[in-house]
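Down below is the structure, laid out as structure tokens.
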Amino acid sequence: MLDIQFIRENQELVQKAATDKGSSVSIAELVSLDDKRRSQIAQADTLRQQRNEHAKSMKQGRPSEEQIAKGKELKEQIATVEAELASINETYSKLLYEIPNVPSHDTPVGSSEDDNQVLRQCGTKPNFDFEPKPHWELTNYIDQERAARISGARFAFIQGLVAKLEMALMYWGMQQLSDPEVIAGIISDAGLDIDPKPFTAMLPPVMMRTEAYKATGRLKPNDVTFKLADDDLWLIGSAEHSLCAYYKGETLEHEQLPIRFVGYSPAFRREVGSAGADTRGILRVHQFNKLEMESFTDEETSRAEHEFMIAVQEYLMAQLGLPYQVVLKCTFDMGGPNQRGVDIETWMPGQQKYRETHSADLMGDYQARGLQTKYKDADGNKKVAYTNDATAIADRTLIAIIENYQQPDGTIAIPEVLQPLM
RNA sequence: GGAGAGGUGACAGAGCGGCCGAUUGUGCUUCCCUGCUAAGGAAGUGUGGGCGCAAGCCCACCGUGGGUUCAAAUCCCACCCUCUCCGCCA
């Protein structure tokens, strides 16, 4: 969420940001609710002050009937005001969570994904002397029919060579990101001036409690997040969700920053509202595996960290020999909590188009405010931490390998960097 | 899942329903002492919020949420977490 103080001081800016993102929230409504909330707090505080003073005045000796009656009256008044405050608070915090983050200055304002900007295209599209197939026609390795019989639509058995390829791919990615030399090289090639600390490899929990999940701002019960019926637990939609909550309620020392995690986990998504889209193949499924980057930085280096994560993505793509384009998402297409969103779309020869395989999100302090993850800056002042997340490698990367490395006989060649692992 | 113990400030660790936002020790900061260090002495040292130009005043917070009471860290209930033992189990 945004800082209410910031919202109050920048009402026009925040309102424009929300409108540009296609949100119908009213900042004026929020502010007037906050006014009401503040006056209610003042009232409650005054009454409580009276109660405290009253209680103090009869500390020794037994209080008279009269004193007790006055205390009772105060108690009731407090209860009334507090009840009103609680109801205002409920509406208020719901509204506050709905206020989207303010997009970065270079984010294009747009009304559909057509307004996204292609920043660059890299790599070479492969030439085939045969008709390349979409991955769903390379059925040796992906069995969706049997998966559907037992789990329903949008599930798959990934088997044989491709199953092993995925393990190699993810393992390779984790190795790369936790290798100090690789990280230092990426940073220097990208011309960035940030700490070359490598990522810490993580295998995070894939279920989260409601309270923690809500705090991440990523809980979307209706169309994305799966809920477990008998427990207060949700299946994570990305390793990012549990990784970003790692320091929930903690204050980090400035020297600890940046903190970088690379986490591998399955990701679960309900995909409600995408009926009919990408029904063939495993581009859009309820369960997939993903290697995800997450980092915590101070305010000053947050943007550079975002650029760094994109550089990591591009490094991995180049190493894998996959052609891709980098797309800057417009206000309409980016997520509500984002300041900036960049997608990597990889060329899929079997589909003859670029498909989204990665994303990189600049969150600012929007996410960490809900999580109450803070840091002490160089002067010792407490500030809300800045978070960044980005895909390192997803099963969609695997799809890209399948389609780009397919052979005439339906088998798949192995990218050079993965060959030692296969 | 069953039985027991416990969750208090950076850490350790007290706490009778009102004198406890919280004893004390350690750590940390500043100062004094000191050739240096150690020891010693003094003061300070939580977070969030409201009001205020400010100094400051006030409110809340002792795992979380409820309740009892004129008054709750202290009593009651539920939940969460940690530890020990038992059971089950990859």
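Residue numbers begin at 1 in each chain, while the letters A, B, ... track the order of the sequences.
When each of A/N52 and A/K374 is assigned the nucleotide of RNA chain B with its nearest heavy atom, A/K374 is the one assigned upstream, toward the 5' end. Mapping A/K382 and A/Q50 onto RNA chain B by nearest heavy atom places A/K382 closer to the 5' end of the strand.
Contact of the A/Y375 side chain with the A/E299 side chain is registered, since non-hydrogen atoms from C-beta on lie closer than 4.5 Å.
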Worked verdict on A/H358 versus A/Y324 for ring pair (Phe, Tyr, Trp, His ring centres under 6.0 Å): CA-CA 10 Å; A/H358 305 62; A/Y324 64 90; 8.2 Å; no

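With both pairing distances under 3.5 Å, B/G35 is matched to nothing as a Watson-Crick or G-U wobble pair. In this structure B/G1 sits in a base pair with B/C86, meeting the Watson-Crick or G-U test at under 3.5 Å. When both pairing distances are held under 3.5 Å, B/A42 makes a Watson-Crick or G-U pair with B/U30. The nucleotide B/C57 finds its pairing partner in B/G50, both defining distances of the Watson-Crick or G-U wobble pair being shorter than 3.5 Å. Across all strands shown, B/G21 remains unpaired; no Watson-Crick or G-U wobble contact has both distances below 3.5 Å. Pairing of B/U64, defined by two Watson-Crick or G-U wobble distances under 3.5 Å, is identified with B/A78. The base-pairing partner of B/A14, taking Watson-Crick or G-U wobble contacts with both distances under 3.5 Å, does not exist among the strands shown.
Taking the P atom of each, B/C31 and B/C58 are spaced 31 Å apart, rounded to whole Å. Atom name C1', nucleotides B/G27 and B/G65: the rounded distance is 34 Å, in whole Å. Comparing the C1' positions of B/A90 and B/C79 gives a spacing of 28 Å, expressed to the nearest Å. For the C1' atom pair drawn from B/U82 and B/U24, the interatomic distance equals 25 Å after rounding to whole Å. Taking the C1' atoms as reference points, B/G9 lies 14 Å from B/C28, given to the whole Å. Annotation: B/C19 and B/G67 have their P atoms spaced 23 Å apart (nearest Å). On the C1' atoms, B/A14 is 12 Å away from B/C20, given to the nearest whole Å. Rounded to the nearest Å, the gap between the P atom of B/G66 and that of B/A72 is 15 Å.
Atom CG of A/D232 and atom P of B/A78 are 19 Å apart (whole Å). The nearest whole Å value for the distance from the CD atom in A/Q49 to the P atom in B/A71 is 17 Å. Following rounding to the nearest Å, A/L47 (CG) and B/A71 (C1') show an atom-to-atom distance of 16 Å. What separates CG of A/D35 from C1' of B/G50 is a distance of 13 Å, to the nearest Å. The separation between A/K36 atom NZ and B/G49 atom P is 22 Å, rounded to whole Å. Atom CD of A/E211 and atom P of B/C80 are 13 Å apart (whole Å). Look at CD on A/E82: it is 13 Å from C1' on B/G66, rounded to the nearest Å. Distance CG (A/D230) to C1' (B/G1): 16 Å, rounded to an integer number of Å.
A side-chain N or O of A/T301 and one of A/D298 form a donor-acceptor pair less than 3.5 Å apart. If you check the side chains of A/E137 and A/Q406, you find no donor sitting under 3.5 Å from an acceptor. Donor-acceptor pairing under 3.5 Å is recorded for the side chains of A/S295 and A/E305. In the model, A/S238 has a side-chain atom that pairs as donor or acceptor with a side-chain atom of A/K290 under 3.5 Å.
Between A/K72 and the phosphate of B/U69, there is no side-chain N or O to OP1/OP2 separation shorter than 4.0 Å. For A/R48 and B/G50, the shortest distance from a side-chain N or O to OP1 or OP2 is not below 4.0 Å. Remark: A/K75 is in phosphate contact with B/U69, judged by side-chain N or O atoms under 4.0 Å from OP1 or OP2.
Listed candidates were B/C59, B/C51, B/C80. Nearest to the side chain of A/D45 is B/C59. When distances run from any side-chain atom of A/I41 to the nucleotides B/A71, B/G49, B/C51, the shortest one goes to B/G49.
The line from CD1 of A/I186 to CG of A/L316 is 6.5 Å long, rounded to the nearest 0.5 Å.
Within 4.0 Å (heavy atoms only), A/K376 reaches no atom of the nucleic acid at all.
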